[in-house]
Amino acid sequence: QLINGLSVGSIFALIALGYTMVYGIIKLINFAHGDIYMLGAYVGFFASTSWGLGFFPTLIIAMLICMFTGVLIEKIAYKPLRHASRITSLITAIGVSLFMEYAKESYLHNYFEVMLRTGMRSGELRGLIYARDIDKKNKVIHVQRTLKYGNVQGYKIPQNMIVKKEYQEKVGATFFTDAPKTASSRRDIPMTAEIERCLDAQRSYWGFKVDSLDRFLFCTETGDPLSKERVQSEINRIIKRIREDRYDFPHITSHVFRHTFATRAIEAGMQPQVLKTILGHSSLAMTMDLYSHVLPDTKAQEMEKIANIF
């Protein structure tokens, strides 16, 4: 049993060593690492049993196949992230998928998914009204307002303050809608089939017997508007559950979903001018300043297109 324990422990130690080396060198968690080890084991088993090769030829073939697979994963998946920030890399590698997995039972799951698929600001998404803004005929979402909380005469309650009902009545604080952040923030966002599915699921989520035409699509179980503090509280609750399962997950805000959408859009080949329109930025310069770190490899590819014309 001692020998068995040492042999099994050595395998786990070898995988852990690989994880440590990869993260220590490129600062990116490669969760395909264990799968590559398993691929090597299957290749070695196949080469040994089917081709009758000895130990060392089998080992060399398995190493070559794993090396080729690792290079392919690096080129396709991780190289575009080489100049991205560490938080972006983490979110890309496992962060969003892990968060969304734990958020499946959350009443805000559709909220997170729509934000991740559209890049909308929190106030814009919380201010959506299904009857007015979801245009199924033209397959677009009309962004026409943003939801705020405060006093309509100008008093704004501090964002980190937990406001009691009697204090709300005293200062006249309430939810109200305002124009989007800038003129360019008033826009139409194309609605994919997945986005439409999430919006329809949210519409029937609470099962209201009477569907008010003025009710916000993303609301509480009583039909009241969502505050950004309540959204953040739910994000914190989900992160707490993730950490309880021993995952080292960073603190995030809802803006991470908007940032992740933009980063993935550029990596997928979306033109910055199109992304600017979808995000509602006031200028292309703002979009480029925020997300130019994603473009170095793209620029190199574009230069190759004209390399032979002179």
Side-chain angles (χ1 to χ4, degrees), residues 91 96 99-100 103 106-136 138-150 152 156-157 159 173-192 194-203 205-206 212-220 223-235 252-266 270 272-284 286-287 290-291:
I91 291 298
V96 169
F99 182 90
M100 294 304 293
S106 170
Y107 71 98
L108 291 182
H109 179 266
N110 293 319
Y111 174 94
F112 298 135
E113 191 160 350
V114 173
M115 180 173 281
L116 186 62
R117 292 178 180 273
T118 63
M120 292 177 65
R121 299 179 179 94
S122 175
E124 295 170 345
L125 193 55
R126 290 182 289 111
L128 279 183
I129 298 175
Y130 191 94
R132 300 181 187 179
D133 304 324
I134 310 305
D135 187 344
K136 289 198 170 185
N138 297 306
K139 297 295 181 182
V140 295
I141 300 173
H142 301 300
V143 181
Q144 306 179 82
R145 73 191 68 79
T146 185
L147 182 65
K148 295 182 177 180
Y149 183 80
V152 292
K156 294 296 177 64
I157 294 177
Q159 297 178 4
T174 185
F175 284 100
F176 64 96
T177 59
D178 197 1
K181 189 175 181 180
T182 63
S184 55
S185 295
R186 189 182 293 271
R187 63 201 186 278
D188 290 341
I189 298 177
M191 183 167 54
T192 65
E194 282 301 308
I195 295 173
E196 184 175 352
R197 177 190 61 79
C198 292
L199 295 173
D200 287 342
Q202 182 60 34
R203 187 186 187 188
Y205 184 83
W206 292 119
S212 172
L213 295 179
D214 292 327
R215 181 183 291 123
F216 295 112
L217 178 60
F218 295 98
C219 59
T220 67
D224 294 326
L226 280 176
S227 67
K228 59 182 177 180
E229 289 78 19
R230 180 159 181 161
V231 171
Q232 187 59 50
S233 176
E234 183 66 6
I235 291 175
I252 62 172
T253 67
S254 59
H255 186 73
V256 164
F257 297 100
R258 175 174 165 87
H259 178 73
T260 303
F261 164 81
T263 304
R264 299 294 79 79
I266 291 181
M270 183 181 291
Q273 181 64 42
V274 176
L275 180 61
K276 165 196 171 294
T277 303
I278 292 176
L279 291 177
H281 284 162
S282 57
S283 68
L284 181 59
M286 177 183 293
T287 306
L290 289 173
Y291 302 108

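A salt bridge does not link Arg186 with Glu124: every distance from a Lys NZ or Arg NE/NH1/NH2 to an Asp or Glu carboxylate oxygen is 4.0 Å or more. Looking at Arg117 and Glu196, no side-chain N of the basic residue comes within less than 4.0 Å of a carboxylate O on the acidic one, giving no salt bridge. A salt bridge links Asp200 to Lys136: at least one charged side-chain nitrogen sits closer than 4.0 Å to a carboxylate oxygen.
In this structure, the side chain of Ser233 does not engage the main chain of Glu229 through any donor-acceptor pair within 3.5 Å. Of the possible polar contacts, none joining the Thr146 side chain to the Asp178 backbone as a donor-acceptor pair under 3.5 Å is found.
For the residue pair Asp214 and Ile129, the shortest heavy atom distance occurs at O-CD1, 3.9 Å. Summarising the geometry of Arg258 relative to Gly119, their closest heavy-atom pair is NH1-O, 2.5 Å, with the distance given to 0.1 Å. Nearest heavy atom pair, residue Arg132 against residue His142, reads O-CD2, 4.0 Å. Here the shortest heavy-atom pairing between Thr177 and Arg145 reads CG2-CD, 3.7 Å. Summarising the geometry of Gly127 relative to Asp133, their closest heavy-atom pair is O-OD2, 4.0 Å, with the distance given to 0.1 Å.
We find the CG-CG distance between Leu226 and Leu108 to be 6.0 Å, quoted to the nearest 0.5 Å.
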side-chain hydrogen bond (donor to acceptor under 3.5 Å, both in side chains) between Thr263 and Thr260, intermediate numbers included: CA-CA 5 Å; Thr263 304; Thr260 303; over 6 Å; no

May I have the step-by-step check of side-chain hydrogen bond (donor to acceptor under 3.5 Å, both in side chains) for Arg126 and Ser227, ending in yes or no? CA-CA 8 Å; Arg126 290 182 289 111; Ser227 67; over 6 Å; no

Decide yes or no on side-chain hydrogen bond (donor to acceptor under 3.5 Å, both in side chains) for Glu234 and Ser106, but give the supporting numbers first. CA-CA 8 Å; Glu234 183 66 6; Ser106 170; 2.6 Å; yes

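Between Phe257 and Phe99, the ring centre distance stays below 6.0 Å.
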